[in-house]
Structure formats: structure tokens, C-alpha cells
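Beneath this line is the structure, given in C-alpha cells, with notes to follow.
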Protein chains: 2
Amino acid sequence: MNTTSIKINLNHKAYLRDPELTELGQRIIRESIRLIDELGFEQFTFRKLATEINSTEASVYRYFENKHKLLVYLVSWHWAWLDHFVLFHTNNVADARERLSRAIDVITASGTDNPATLHISESALHRIVISEASKVYLTKEVDDDNKDGYFLEYKRLCHHLAEMVLRINPDYPYPHALISTIMEAAHQQVFFAEHLPSLTEIKGTQRSPEETAIFLKHLVFAAVDQKR
Amino acid sequence: MNTTSIKINLNHKAYLRDPELTELGQRIIRESIRLIDELGFEQFTFRKLATEINSTEASVYRYFENKHKLLVYLVSWHWAWLDHFVLFHTNNVADARERLSRAIDVITASGTDNPATLHISESALHRIVISEASKVYLTKEVDDDNKDGYFLEYKRLCHHLAEMVLRINPDYPYPHALISTIMEAAHQQVFFAEHLPSLTEIKGTQRSPEETAIFLKHLVFAAVDQKR
DNA sequence: TCTTTTCGATAGTAAAACTATCATATTAGA
DNA sequence: TCTAATATGATAGTTTTACTATCGAAAAGA
């Protein structure tokens, strides 16, 4: 065996039937990532997806109640995956500052496709998260969805980075606010760089994630090191 | 005349017919703000709006091509209004630091209803901007919409604040990125405080805008004053 | 007064967002 | 290996959304 299989476990059921467990489920995931990336979430429909996977609308509905829950699933998966990656890249790094710096690199980096998760293209998923992730919580159903645990993966990642902030400066009064701000900015700045360049100094190139990371580190370390 | 009439001019035509100029148009604006605030943008439809204003779907379509353009109009109006307000509150303030501080107060403050714009409830509009504003640009049509000038008001406000940053520290390398980050955070943090409280230290109360302003000032002045 | 504009009323279409039913293929358990 | 449960495909149908078209009456402007 030359590939390690990684199963990302989510703490909720945005799905009706676990798509990881069947071939059709994996096709639904793989092709929905492709289609949402291509069409955008608003233009994406279960009908189009069904055509793409040579199946039927009814079959897709057996896995997900609606396209919003499918997006919740994809975005949660991404956060769980990132949390994993952050842990992996900060493990055994003794210096608290260096740990936070590497964590920021991980959350800004554009996804790299991993052979361990063949049915998920992390790079396409990362593009989806940039333009669609905030739509999972910016709804009137946010409180119900929160009760169902749909944002646990995001909160956990946020909390892990907030802990790193407190390790550097235990007196910093806004660790979670600072981290949630830069986690959102990590996407916005890349999006602005590409589509609304006058809103940022980051250039809209392949390297905009790296540039964004530099800006965010500036910002975070300035805040954490601030004299009061 | 004991009220001053203020006409906010937008630099684009998200509308087909200027809603400010007719009574029906003003009713469309007033009731759409009420309805979007109440139902959220996804559940809001022109059919429901038409019922609310005792008119017809066809009549609403004579003012706006679709509900997305109506949202663009409302959000642009809000940014133009805020830009106005920022200018008003920073005018004649000599100190650059104090100017930026007051500007941050203005962009975080929950709207106060103004008798000069009777058909627009600024407080309801502010709630809409918090939960719906990012949806105006997070679409596949963002580049076309940008060409049509739909984001000019937002960019102008961003640029005005970025200038204040440069006045404080002409060498700060990311004035626009910093301002666009905190302008988005000004909404996110209030939203998180109310719905996803574990993502922030801001408390979900009536005073969360003020608390958010304090956090954002911390952040901005730390960044701008950073030694390099 | 005449004419243009505005609005309401009505009707209709295409697509989206589902739900229901039935037959068949596959799989799992006994 | 037989049987029963499950998964999928095929088909069809409903309701709602997002529009478009047409017409006539009222109102407003010249």
C-alpha cells in the first residue's frame, strides 16, 4: 500500500446518507466540487449535477436534503482538513511565534491535491471556500444550523489558532476575534486581489495567497505584540 | 421647511427606473428593506414584495431587473451614505489619528434612522448590510458588475479610510488591505457576537458595534504603529 | 386636449426545488 | 445458496421562483 487513506470525520450530519461510503456518494462529492467551482453556487443545481454524474435528481436527494446542506458538508470538510494540516505543520515546533506563523501559511495556502483523498480536489475546494464559504452562515437559519453542529469544524480551527495567540501573549484581549478576522481576510484578500484590486495591495497573481499570508502575519504580530 | 432633504447619488444604475423619483419606487425601497431584514435575502421574492406594497410583480420588475440588482442598489446606497457620514464626522478634525478613530466609530455604528431619508430605515439597512452585503460581490458575475460600477461607493469609502492610514504612517505598506479587512470585520464580528459567539470576544448585546469598534481600533493602530 | 408615461391586471413560460412510486440490480445476512 | 434488505434508476408529478408579454385605465405633461 503506497497511499495512506485519510478519512475526515465530521461532527454532524449535513448529509442524509454518508457520501464517503458509496461510489455514487463519492461521485456526487467529486462532481459537485467541480460544478460549483465552475458555475458558482447560485447557478449550481442538483439537476445539472445529476446529469454530470449520469444519475438522477432523486438519487442526489437521497444523499443531501438540498444544495445548501451539500455546501455545508463541503465547507466543513475543508475546515476539518485544514485543522488537520495546521496540526501537522505546527507539530514539534517549539517556538509559539513560529507555530502561529506556520498556521497562517497553512490557512492561506491554496489547496494542494492529495492522493489520499482522491474524490476531493482540495485546490478546487479551496476556491469554493474563498467565494462561497460565508454563505453557509449568512442565512436566517444560522442559529438552527449552529445547534446542529454545522460550524464546529470552523470553530475548532479558530480556537486552535486563538490558543497559539494566547501562548505568545496571554494578556491579548481578543484572540478569537483576531483569528476569525484573519481567517475571513485570508479569503477576502485573495478574492479582492483577483476581482476588486483597488481594495487591496495584494496582487492578483498565483502568488496572492503567499502575499496575503505576509500581510496577515504583519497584522497579527502587530496586534499581539502591541504595547498597551 | 424643518427637514433637510438629502439625495444620495449613486454612480451607476443598478435600477431600470430611479426608485427615488416616484411614490411606488419609494415604497419598493422602504418595503424591500423591511422584508429582506425580516426574511433574509434568500427567502425574499418580488412576489412577496409586490403583495406587501399592494402592487404587482410586473410593476416591481419595471424598477429592478431582479432581486440581486435591488440588493446592489440598497448596499451601494448604504456605502454612499456612510461615506457622507464619515466625511461629516471627520471634517475639521485636525489630528489624523483622531480622524481615523472617528471614522471607525462611524462604520461600526448601527444605523440611526434619519428623518431626511424617510423612505429608508438606516437601522434596518445596516442589519441587511451585515448579513447580506458580501453576497453582492461573491458571485460569478462580479467582474461584469464591477465594470458597471456597482462597487464604486464601497471602493471610495475604503480609499478614504486608507488615506487616513497613510496620513498617520506614510510608510505603512497595506493601507487598503487593512481597511478592507476591518470594514468586513466590522460586520462579521457583530454577526458572530450574535450568532456564533465562540468566534469572538465581542458580546452579543446592543453594544456590540461599540465593542467591535474598540477591537478594530486596537488592531488598526497596532498595525499602523508597528515598528519594522 | 392630446399624448406619453405609469401602473395594475391578467396570463403565461421555463426552470428550480423538491416528492412519490415502482422496478431492478446488488449486497448482506441467515 | 437463498432470501431479504438496500441502493439506484426511471419516470412522473407538484409547487414555487423568476421572469416576460399584453392590454387597458388613469394620471401627468406639453
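Each chain gets a letter, A, B and so on, in the order the sequences are listed, and its residues count up from 1. Note that these values count all heavy atoms, side chains included, but never hydrogens, waters or copies made by symmetry.
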Suppose the criterion is side-chain hydrogen bond (donor to acceptor under 3.5 Å, both in side chains): which pairs have a residue in residues 202-211 of chain A, not counting sequence neighbours? none
Rounding to a whole Å, what distance do you find between B/L24:CG and C/dT5:C1'? 13 Å
With ring pair (Phe, Tyr, Trp, His ring centres under 6.0 Å) as the rule and sequence neighbours excluded, what pairs involving residues 31-53 of chain A come up? A/F46-A/Y61
Quick check on side-chain contact (heavy atoms from CB on, under 4.5 Å): which of B/Y150, B/Y73, B/F151 does B/V136 satisfy it with? B/F151
Just call it for A/Y63: base, sugar-phosphate, or nothing, with non-hydrogen atoms closer than 4.0 Å on any strand. sugar-phosphate
Is the shortest side-chain N/O distance from A/S59 to OP1 or OP2 of D/dT8 below 4.0 Å? no
Please identify each residue that fulfils side-chain contact (heavy atoms from CB on, under 4.5 Å) with A/H187, with sequence neighbours left out. A/W79, A/V129, A/I130
Test: ring pair (Phe, Tyr, Trp, His ring centres under 6.0 Å). Region: residues 189-215 of chain B. Which pairs qualify, not counting sequence neighbours? A/Y137-B/F191, A/Y137-B/F192, A/Y174-B/F215, B/F191-B/H195
Centre-to-centre under 6.0 Å for A/H89 and A/F85, is that the case here? yes
Taken to the nearest whole Å, CG/A/L16 to P/D/dT6 is 16 Å
How would you summarise protein contacts on nucleotides 11-30 of chain D per nucleotide, using B for base, S for sugar-phosphate only and - for none, with heavy-atom distances below 4.0 Å? ------BBBBBB--------
Please report the distance, rounded to the nearest Å, between CD1 in B/I28 and C1' in C/dT6. 12 Å
Applied to residues 63-80 of chain A, the salt bridge (charged side-chain N to carboxylate O under 4.0 Å, His left out) test, sequence neighbours excluded, yields A/E65-A/K69
Taking only side-chain nitrogens and oxygens of B/S55, does any of them come within less than 4.0 Å of OP1 or OP2 of C/dG8? yes
Whether A/R17 contacts D/dT6 is assessed here as follows: a side-chain N or O lying under 4.0 Å from the phosphate OP1 or OP2. Is that the case? no
All side-chain contact (heavy atoms from CB on, under 4.5 Å) counterparts of A/K48, not counting sequence neighbours: A/L35, A/L39, A/Q43, A/T45
Find the distance B/Q26:CD to C/dC7:P and express it as a whole number of Å. 12 Å
Just how far, in rounded Å, is C1' of D/dT8 from CD1 of A/I53? 11 Å
Have a look at the helix from C/dT1-D/dA30 to C/dA30-D/dT1 and give the angle its two end axes make, five pairs each, rounded to 10 degrees. 20°
Going by atom type alone, with no hydrogens or angles, which donor-acceptor pairs under 3.5 Å involve a side-chain atom of residues 9-17 of chain A and a protein atom two or more places apart or on another chain?
{"residue": "A/H12", "atom": "ND1", "partner": "A/A14", "partner atom": "N", "Å": "3.4"}
{"residue": "A/H12", "atom": "NE2", "partner": "A/S76", "partner atom": "OG", "Å": "3.1"}
{"residue": "A/H12", "atom": "NE2", "partner": "A/E153", "partner atom": "OE1", "Å": "3.4"}

